[in-house]
Amino acid sequence: MNKIEAIIRPEKLNSVKDALADIGLPGINVTQVTGRGAQRGIEVGGPRGVAGSYIVDMLPKVKLETVVSDGDTQKAIDVIVANARTGNIGDGKIFITPVANAIRIRTSEEGEIAL
């Protein structure tokens, strides 16, 4: 099993969420986050150096988290990339972490069956 954390543009959340559900992976958690990467923010309010312009260096993003079976990991990654990509800087990142176990609290089921 793997945990997939995807930091994406907020406006891409619905298309990513719907596409994951379409391939049978509806279980996600979403958190509103701010951050910066290579984009390092944007200048707002006019041309660089003009009075009244300023730099926003922490941009709003969405962190989507899901845990999937090993067999579904690449499929989920492909769907996230295809639906989150704009081709512009600031599209986000995906991080994959191995998961040792998952436990469904209601039934105490463990492993992939708990997903």
Side-chain angles (χ1 to χ4, degrees):
M1 293 179 290
N2 292 294
K3 179 178 183 181
I4 299 173
E5 292 180 74
I7 310 297
I8 63 172
R9 296 172 181 269
E11 65 270 18
K12 292 297 194 170
L13 175 60
N14 283 334
S15 62
V16 171
K17 174 185 58 113
D18 293 343
L20 286 170
D22 288 346
I23 63 165
L25 302 173
I28 62 170
N29 292 310
V30 175
T31 308
Q32 304 293 324
V33 297
T34 57
R36 63 182 251 176
Q39 189 176 7
R40 294 191 184 152
I42 56 174
E43 190 156 355
V44 178
R48 180 177 299 259
V50 171
S53 67
Y54 58 96
I55 295 177
V56 177
D57 69 346
M58 297 294 282
L59 299 173
K61 300 290 182 179
V62 173
K63 180 166 71 167
L64 181 147
E65 298 174 278
T66 187
V67 177
V68 299
S69 67
D70 290 340
D72 286 336
T73 299
Q74 190 60 51
K75 184 168 46 169
I77 292 167
D78 293 343
V79 163
I80 293 168
V81 168
N83 288 277
R85 176 182 285 153
T86 68
N88 297 311
I89 194 164
D91 277 350
K93 296 266 189 327
I94 299 174
F95 304 98
I96 312 301
T97 308
V99 172
N101 200 5
I103 301 159
R104 179 175 287 133
I105 294 172
R106 178 178 50 88
T107 63
S108 296
E109 295 169 307
E110 295 190 34
E112 287 187 13
I113 197 161
L115 299 178

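Looking at heavy atoms from C-beta onward, Lys12 lies in side-chain contact with Thr86 at the 4.5 angstrom threshold. Looking only at side-chain heavy atoms (C-beta outward), Ile96 and Lys3 stay at 4.5 Å or farther from each other. The shortest distance between side-chain heavy atoms of Arg9 and Asn88 falls below 4.5 Å. The side-chain heavy atoms of Asp22 and Val79, taken from C-beta on, include no pair separated by under 4.5 Å.
Contact detail for Glu110 and Asn101: the closest heavy-atom pair is OE1-ND2, 2.7 Å. Heavy atoms only, all atoms of each residue included: Pro60 and Thr34 are closest at CA-CG2, 4.2 Å. Of all non-hydrogen atoms in Ile80 and Ala6, the two that sit nearest each other are CG2-CB, 4.0 Å. Between Glu109 and Ala114, the shortest heavy-atom contact is O-CB, 3.4 Å. Smallest separation of non-hydrogen atoms from Ile4 and Ala76: CD1-CB, 3.6 Å.
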_I'd like to know whether Asp72 forms a salt bridge (charged side-chain N to carboxylate O under 4.0 Å, His left out) with Lys75, so could you lay out the CA-CA distance, the side-chain angles of the two residues, the decisive distance to 0.1 Å, and finally the verdict._
CA-CA 5 Å; Asp72 286 336; Lys75 184 168 46 169; 3.3 Å; yes
*asked:* If you apply the rule side-chain contact (heavy atoms from CB on, under 4.5 Å), what do you find for Thr31 with Asn29, and how did you get there?
replied: CA-CA 7 Å; Thr31 308; Asn29 292 310; 5.7 Å; no
*Can you list the steps and then say if Glu65 with Ile28 is a side-chain contact (heavy atoms from CB on, under 4.5 Å)?*
CA-CA 6 Å; Glu65 298 174 278; Ile28 62 170; over 6 Å; no
*Criterion side-chain contact (heavy atoms from CB on, under 4.5 Å) on Ile8 and Val16, from CA distance to verdict*: CA-CA 9 Å; Ile8 63 172; Val16 171; 4.0 Å; yes
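Exactly one of Asn2, Leu115, Thr73 qualifies for a side-chain contact (heavy atoms from CB on, under 4.5 Å) with Val67. That residue is Leu115.
There is a path of hydrophobic side-chain contacts, each under 4.5 Å, that joins Ile94 to Leu13. Placement of Val81 and Ile7 in two distinct hydrophobic clusters is found when ILVMFWY residues are connected by side-chain heavy-atom separations under 4.5 Å, directly or transitively. A single hydrophobic cluster is not seen to contain both Phe95 and Val30; linkage of ILVMFWY side chains at heavy-atom distances under 4.5 Å, directly or through other members, places them apart. A continuous path of ILVMFWY side-chain contacts below 4.5 Å connects Ile77 to Leu20, so both sit in one hydrophobic cluster.
Looking only at distances, a side-chain donor or acceptor of Ser15 sits under 3.5 Å from a matching main-chain atom of Asn83.
Around the CZ atom of Arg85, the shell of radius 6.0 Å holds no more than 12 heavy atoms that belong to other residues, nucleotides or ligands.
Remark: Met1 CE to Glu112 CD distance equals 6.0 Å, nearest 0.5 Å.
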